[in-house]
2 protein chains.
Amino acid sequence: MASTPQERDTDATAPATPAPGHVISIRDLKAACTSCSMRELCMPFGLDAHELAQIDTLVSSRKRLRKGEALYDLGTPFEALFAVRTGSLKTSVVAEDGREQVTGYHMLGDIVGLDGMATDQHLSRAVALEDTEVCVMQYDRIEPLAQHVPALQTNLRRFLAREISRDQSIMLMLGSMRAEERLAAFLLDLAERYRRRGYSSTQYLLRMTREEIGSFLGLKLETVSRLFSRFQQEGILRINGRDVTLLDTPALRQLCTSRD
Amino acid sequence: MASTPQERDTDATAPATPAPGHVISIRDLKAACTSCSMRELCMPFGLDAHELAQIDTLVSSRKRLRKGEALYDLGTPFEALFAVRTGSLKTSVVAEDGREQVTGYHMLGDIVGLDGMATDQHLSRAVALEDTEVCVMQYDRIEPLAQHVPALQTNLRRFLAREISRDQSIMLMLGSMRAEERLAAFLLDLAERYRRRGYSSTQYLLRMTREEIGSFLGLKLETVSRLFSRFQQEGILRINGRDVTLLDTPALRQLCTSRD
DNA sequence: CGACTAGTTGAGGCCAGTCAATGTTGGTGG
DNA sequence: CCACCAACATTGACTGGCCTCAACTAGTCG
């Protein structure tokens with residue numbers, strides 16, 4: 001249980017937990033990034049001490065979201081990028097006829113909101129899957145800062161480019177994998193991401209409902225449910241509601257690449 | 001026929017057509033962008049005359065590709081971005097087990113190669129669908145130039161962000177549309193892109209095989225073929241090999257959003 | 001001419017969707 | 001405390017859309 005993702009980095013200097021929805025002012029955020037445990041996965045990645053000091057004022061505020069609350073929605077003006085500090089979010093796009101496609105699941109250290117840079121309006125929505133806190137990086141503050149800190153410029157581009165290749169892997173999954181392969185790939189992706197964050201890669205909590213997972217994978221919720229049951233029956237994993245334990249990772253890996 | 005996409009902007013100052021594969025030297029490329037008919041869709045978009053003059057040396061060379069030739073492949077070091085000058089390309093990702101997923105079709109004015117910025121290696125491949133010429137924008141030249149031309153910085157980010165939202169629309173298509181809806185959306189997307197480039201939006205040539213279209217849409221080639229036949233029978237379009245004429249665009253549009 | 005590639009069309013099978021019944025969990029208010 | 005409800009999840013029976021396999025045509029190129 002100790003390895004389940006949970007708040008590890010409670011900021012000792014932070015004031016008493018503010019109410020959800022509360023925007024934490026900049027005055028409480030000196031050295032926001034320097035002291036953050038996610039700095040090596042997040043925007044400050046690879047910066048030296050000097051550069052780090054310069055971007056430490058990047059985070060103008062933080063924002064708390066209650067479960068189900070939207071960080072931004074279709075048409076929201078693009079003003080900032082967000083770094084997930086605690087909790088998690090899903091992003092999704094919606095068609096005119098109302099169909100929704102989940103396009104991403106974002107956890108600790110992930111940057112969300114990049115899509116808004118295309119048109120100065122967000123073309124997708126981001127919704128908290130649990131009580132969540134994000135760092136707000138005002139875009140008109142990033143821009144001039146990046147002019148003077150090339151490493152930040154580079155990181156920004158890399159996050160954009162990484163998002164592109166991430167999306168392309170998802171296309172590969174949606175376009176050419178069968179249901180069981182998709183779910184296996186999804187579970188392994190989660191495992192890898194938890195591992196990189198220092199959590200268990202074999203036991204974690206799903207933050208999405210079966211329906212949301214299905215939307216992400218291009219499947220119906222019943223199919224997702226059935227697959228979980230089957231995987232469990234085959235001894236590949238143990239599942240109890242949203243609590244997953246991977247028992248046979250090699251088998252999962254093999255499932256992903258099984259043009260049988 | 002006059003409205004079929006074809007080379008419109010043959011550069012009068014260019015030397016005699018070099019052999020395919022030939023790399024055209026920078027000496028022939030003064031004012032590459034200023035005089036290009038695609039400048040308002042391509043990297044110079046929105047730049048004023050002064051800025052345009054500054055980025056006019058961005059294109060260090062051009063490259064000709066024969067049909068089927070690869071511009072870059074999985075693992076190719078990332079060194080440049082490419083702007084399609086004539087012809088067209090497909091981009092695709094390949095899984096370890098060899099499965100290929102076409103992730104994009106790129107025409108006149110499109111920027112390709114953005115995915116390489118994530119890891120300094122390309123994670124996808126780009127292959128010419130016909131004899132094609134691209135402008136080569138050396139990345140180590142873009143970087144310093146962007147430092148001094150903010151508008152270029154902005155454009156670069158916008159192209160990256162636009163690619164992200166493009167990919168997300170494709171995810172929506174792959175994840176939540178049925179076969180006929182996907183093909184309809186694909187045909188309308190092509191129509192719109194040809195329109196913006198000054199070509200007919202109701203009559204154009206497909207540059208991809210049924211198999212490539214299928215891979216892009218997450219379908220098998222037989223399904224694509226059958227759908228074309230059905231659409232023709234229903235009077236929505238006329239198709240003869242790769243020559244498409246859209247007869248009932250509203251019907252196509254309705255097909256895309258038909259949760260019947 | 002034969003070999004090859006691209007495309008069309010048909011027959012049949014299977015994977016995932018649909019519809020429906022039931023179980024489980026967590027929150028709310030009497 | 002329990003009753004109640006809504007949201008989430010599981011499982012079964014059935015259906016159908018797309019895939020698979022296969023035969024055939026047309027065009028191209030050596």
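Computed from a predicted model, the values in this text were never measured in an experiment. Just so we're on the same page: letters track the sequence lines, and every chain starts at 1.
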Of all pairs that satisfy ring pair (Phe, Tyr, Trp, His ring centres under 6.0 Å), the ones with a partner from residues 163-192 of chain A, not counting sequence neighbours: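 Listed once each, the pairs are A:Phe186-A:Phe216.
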What's the [atom1]-[atom2] distance between [X] and [N], to the nearest Å?
X	N	atom1	atom2	result
B:Leu174	C:dA16	CG	C1'	16 Å
B:Met177	D:dC18	CE	P	13 Å
B:Arg207	C:dA6	CZ	P	15 Å
B:Leu227	C:dT8	CG	P	11 Å
B:Glu180	D:dC19	CD	P	13 Å
A:Arg182	C:dC15	CZ	C1'	11 Å
B:Leu206	C:dT8	CG	P	10 Å
B:Gln233	C:dT8	CD	P	13 Å

Touch class at under 4.0 angstrom, heavy-atom based, for B:Gly218 against every strand present: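 Sugar-phosphate contact only - B:Gly218 comes under 4.0 Å of backbone atoms but never of a base.
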From CA spacing to verdict: side-chain contact (heavy atoms from CB on, under 4.5 Å), B:Met107, B:Tyr194: CA-CA 9 Å; B:Met107 55 174 80; B:Tyr194 281 127; 3.8 Å; yes
A:Arg182 side chain vs A:Leu217 backbone, donor-acceptor pair below 3.5 Å: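 Indeed, once roles are kept as given, a pair shorter than 3.5 Å links the two residues.
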Full working for side-chain contact (heavy atoms from CB on, under 4.5 Å) between B:Thr103 and B:Ile170: CA-CA 8 Å; B:Thr103 54; B:Ile170 298 175; over 6 Å; no
Taking every non-hydrogen atom, the tightest pair across A:Arg99 and B:Thr257: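 Result for this residue pair: NH2-CA, 4.0 Å.
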Shortest non-hydrogen separation from B:Leu246 to B:Leu187 and the atoms involved: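 Result for this residue pair: CD1-O, 4.3 Å.
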One thing to verify: whether [Y] and [X] come together as a salt bridge, which I'm taking to mean a side-chain N less than 4.0 angstrom from a carboxylate O.
X	Y	answer
B:Asp110	B:Arg197	yes
B:Lys63	B:Glu69	no
A:Glu192	A:Arg196	yes

Bend angle of the helix from C:dC1-D:dG30 to C:dG30-D:dC1, end axes from five pairs each (to 10°):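 About 30°, once rounded to a multiple of 10°.
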Base-contact (B) and sugar-phosphate-only (S) positions in nucleotides 6-13 of chain D, heavy-atom cut-off under 4.0 Å, - elsewhere: --SSBBBB
